[in-house]
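Note sheet for the following structure.
Below, read A as the first sequence line, B as the second, and so on, with proteins coming before strands; counting in each chain starts at 1.
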2 protein chains.
Amino acid sequence: MTFDLIIQNVSRYISLTREEEGFFISMLQSGHAGKKTFLLQEGEVCRYTYFVMSGCLRGYSNDKNGVEHTLIFAPRDWWISDIYSAVTQKPGMLNIEAIEDTELLMLSNENRELLFTRLPKFERFFRILVEKSLVNMQQRILDNMSLTAEERYQSFCTRYPGLADKLTSKQIASYIGVTPEFYSKMRARLAKKS
Amino acid sequence: MTFDLIIQNVSRYISLTREEEGFFISMLQSGHAGKKTFLLQEGEVCRYTYFVMSGCLRGYSNDKNGVEHTLIFAPRDWWISDIYSAVTQKPGMLNIEAIEDTELLMLSNENRELLFTRLPKFERFFRILVEKSLVNMQQRILDNMSLTAEERYQSFCTRYPGLADKLTSKQIASYIGVTPEFYSKMRARLAKKS
DNA sequence: GAAACTTCATAACCTAGATTAAGAAATGAT
DNA sequence: ATCATTTCTTAATCTAGGTTATGAAGTTTC
């Protein structure tokens with residue numbers, strides 16, 4: 001088990017001494033999620049922040065009609081959690097599912113707080129991480145309000161290069177915000193064009 | 001000029017000694033924005049984080065067809081900035097406009113960094129602030145994908161109680177993501193119902 | 001390897017909301 | 001006060017995307 005990937009990830013925004021790296025790593029647990037298994041389900045309290053070492057996760061929620069809406073994909077080198085639930089410690093609405101066999105590192109809520117106390121620079125790290133995420137979500141709101149389904153698909157392909165191949169049509173449709181039927185129609189149209 | 005409001009606001013997530021309060025306050029500038037004036041315009045680099053003492057601001061951006069889309073309203077006791085621009089120091093797409101005469105406190109990017117260095121607990125404060133904001137934006141993405149325009153209007157009324165009265169139809173429409181014409185039709189329908 | 005399920009594609013029809021247009025009401029400038 | 005500009009309403013028409021339905025093609029399960 002090597003921690004290079006996560007150390008590199010963290011080092012993008014803060015710098016760590018050897019000791020600090022060691023302490024940070026001691027706060028992590030490693031985990032595995034087989035394809036189609038869940039790390040978190042609707043109604044549960046989110047106890048971990050997950051970091052993806054390999055594979056890919058998907059965070060989505062079901063609306064009142066049972067339709068899935070994907071909020072985020074987390075391929076290698078991404079962080080994911082149900083922030084609402086993690087922050088409030090209340091049951092959330094998010095499902096986090098493995099799209100393929102996934103290796104992870106897990107930071108429990110308690111260890112996250114410990115980390116903040118011992119190494120306050122991690123407050124900075126997570127602040128910056130959340131800021132980036134917020135910028136993405138704001139852009140997505142604007143995209144949803146101003147782009148066509150076809151343009152949102154392009155936008156998805158740019159944000160997650162190569163991911164489209166690993167996903168089912170339904171999953172992609174649930175991210176760009178259309179029905180699978182319409183997505184299928186759209187693909188046929190796109191194929192004809194080129 | 002009293003700083004009670006902002007101190008109370010900050011104290012929701014971190015606690016400050018008298019000295020720390022003093023230092024924090026010394027980092028702030030006060031400002032004013034007359035109705036319909038801009039604190040920030042598309043293409044500019046965002047140099048401040050704003051805190052609203054009274055009045056109300058609106059953050060929106062124009063899409064490629066010149067249509068306005070409102071990302072956020074900031075009434076009394078709210079924070080607002082163009083995070084994308086503030087973080088990257090690149091020109092942003094956000095316009096921040098005063099909906100009515102507005103009194104503000106302004107924290108410059110430089111002073112924000114100073115504050116982080118001198119009082120690292122402010123990293124925590126802004127982390128939590130941004131987390132809350134992220135939770136809201138995620139909910140809004142789900143709302144946009146699963147609710148009807150009418151339901152999004154209800155949702156807006158709940159999130160910003162009493163604000164509807166201060167806004168033009170166009171501004172509300174640009175938040176819930178419909179044209180002013182459709183919003184007008186919708187209101188007529190709602191009025192008939194009750 | 002057949003039964004059972006889920007996914008995908010295609011097509012006919014439907015609807016929420018967009019577009020266009022045009023008059024009425026409000027707001028602002030002189 | 002008056003003219004100009006923007007905002008709001010209503011209505012007719014249009015369209016992106018939804019719904020329903022059906023069959024074909026993969027997957028899972030035993």
Side-chain angles (χ1 to χ4, degrees), chain A residues 34-38 58 60 62-70 95 97-101 140-156 163-194, chain B residues 34-38 58 60 62-70 95 97-101 141-156 163-193:
Chain A
K35 186 170 178 168
K36 295 196 183 178
T37 62
F38 287 86
R58 176 172 79 105
Y60 68 92
N62 291 101
D63 70 20
K64 60 176 189 288
N65 301 314
V67 178
E68 289 180 8
H69 302 284
T70 298
N95 299 282
E97 178 202 24
I99 277 169
E100 52 186 0
D101 279 20
R140 199 163 158 210
I141 289 173
L142 295 175
D143 286 357
N144 284 343
M145 293 204 289
S146 67
L147 303 182
T148 63
E150 217 164 288
E151 290 166 325
R152 293 199 303 275
Y153 174 69
Q154 311 289 6
S155 185
F156 156 78
L163 188 55
D165 306 329
K166 294 183 184 175
L167 300 173
T168 64
S169 299
K170 195 183 163 196
Q171 289 167 341
I172 297 175
S174 81
Y175 181 88
I176 66 178
V178 295
T179 58
E181 293 85 350
F182 185 76
Y183 176 68
S184 180
K185 194 199 288 186
M186 201 185 91
R187 300 215 66 194
R189 209 165 50 207
L190 278 173
K192 207 174 291 177
K193 268 190 202 169
S194 57
Chain B
K35 186 171 178 168
K36 295 195 183 178
T37 62
F38 288 86
R58 176 172 79 106
Y60 69 92
N62 291 102
D63 69 21
K64 59 177 191 287
N65 301 315
V67 178
E68 290 181 6
H69 302 284
T70 298
N95 299 282
E97 178 202 24
I99 276 167
E100 51 186 358
D101 280 19
I141 289 173
L142 294 176
D143 286 356
N144 284 344
M145 294 203 288
S146 67
L147 302 183
T148 63
E150 216 163 291
E151 290 167 324
R152 294 198 304 273
Y153 174 68
Q154 311 289 7
S155 185
F156 156 78
L163 188 55
D165 306 329
K166 294 182 183 174
L167 301 173
T168 64
S169 298
K170 195 183 163 196
Q171 289 166 340
I172 298 175
S174 80
Y175 181 88
I176 65 177
V178 295
T179 58
E181 293 85 352
F182 184 77
Y183 176 69
S184 180
K185 193 200 286 188
M186 199 184 92
R187 299 216 68 193
R189 208 165 49 206
L190 278 173
K192 207 173 291 178
K193 268 190 202 171

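Comparing B:A149 and A:R187 against DNA chain C, the residue whose closest nucleotide sits nearer the 5' end is A:R187.
Here the side chains of A:L163 and A:Y175 are not in contact, with every heavy-atom distance at 4.5 Å or above.
Recorded end-axis angle for the helix from C:dG1-D:dC30 to C:dT30-D:dA1 stands at 60°, based on five pairs per end and rounded to 10 degrees.
B:N65 is linked by a side-chain contact (heavy atoms from CB on, under 4.5 Å) to B:D63, B:V67, counting only residues two or more places apart in sequence or in another chain. Residues satisfying the side-chain contact (heavy atoms from CB on, under 4.5 Å) test with B:K64, not counting sequence neighbours, are A:L147, A:E151. Applying the salt bridge (Lys or Arg N to Asp or Glu O under 4.0 Å) criterion to B:K35, with sequence neighbours excluded, gives no partner residue. Partners of A:Q154 by side chain to side chain donor-acceptor pair (under 3.5 Å), not counting sequence neighbours: none found. The side chain to side chain donor-acceptor pair (under 3.5 Å) search around B:N144 returns none, not counting sequence neighbours. Under the salt bridge (Lys or Arg N to Asp or Glu O under 4.0 Å) criterion, A:R58 pairs with A:E68, A:E97, sequence neighbours left out.
Remark: P of C:dA11 and CZ of A:F182 are 15 Å apart, rounded to the nearest angstrom. Taking atom NZ of A:K185 as the reference point, atom P of C:dA11 lies 10 Å away to the nearest angstrom.
Between B:D143 atom CG and B:I176 atom CD1 the span is 11.5 Å, to the nearest 0.5 Å. In this structure, CZ on A:R140 lies 9.0 Å from OG on A:S155, to the nearest 0.5 angstrom. Here the OH atom belonging to B:Y153 is positioned 5.5 Å from the CD1 atom belonging to B:I172, to the nearest 0.5 angstrom. Rounded to the nearest 0.5 angstrom, B:H69 NE2 and B:N95 CG are separated by 12.0 Å. The CD atom of B:Q171 sits 5.0 Å away from the CD1 atom of B:I99 when rounded to the nearest 0.5 Å.
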Output side-chain donor-acceptor pairs under 3.5 Å for residues 177-188 of chain A, partner residues at least two apart or in another chain, one line each.
| unit_1 | atom_1 | unit_2 | atom_2 | d |
| --- | --- | --- | --- | --- |
| A:T179 | OG1 | A:F182 | N | 3.2 |

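On the nucleic acid side, DNA chain D contacts chain B at distances under 4.0 Å to non-hydrogen atoms, with the end points of that region at D:dC8 to D:dT10.
Residues from residues 163-170 of chain A lying near DNA chain C, meaning a heavy-atom separation below 4.0 Å, are A:T168, A:S169, A:K170 in numerical order. Listed in residue order, the members of residues 173-180 of chain B having a heavy atom less than 4.0 Å from DNA chain C are B:G177, B:V178, B:T179.
Between B:Y60 and B:T70, the closest heavy-atom pair is CB-CA, 3.7 Å. When all heavy atoms are compared, the tightest approach of B:A98 to B:G34 is CB-O, 3.5 Å.
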Treat primed atoms plus P, OP1 and OP2 as sugar-phosphate and everything else as base, then score nucleotides 20-30 of chain C 5' to 3': B for base contact with protein heavy atoms under 4.0 Å, S for sugar-phosphate contact only, - for none.
BB------S--
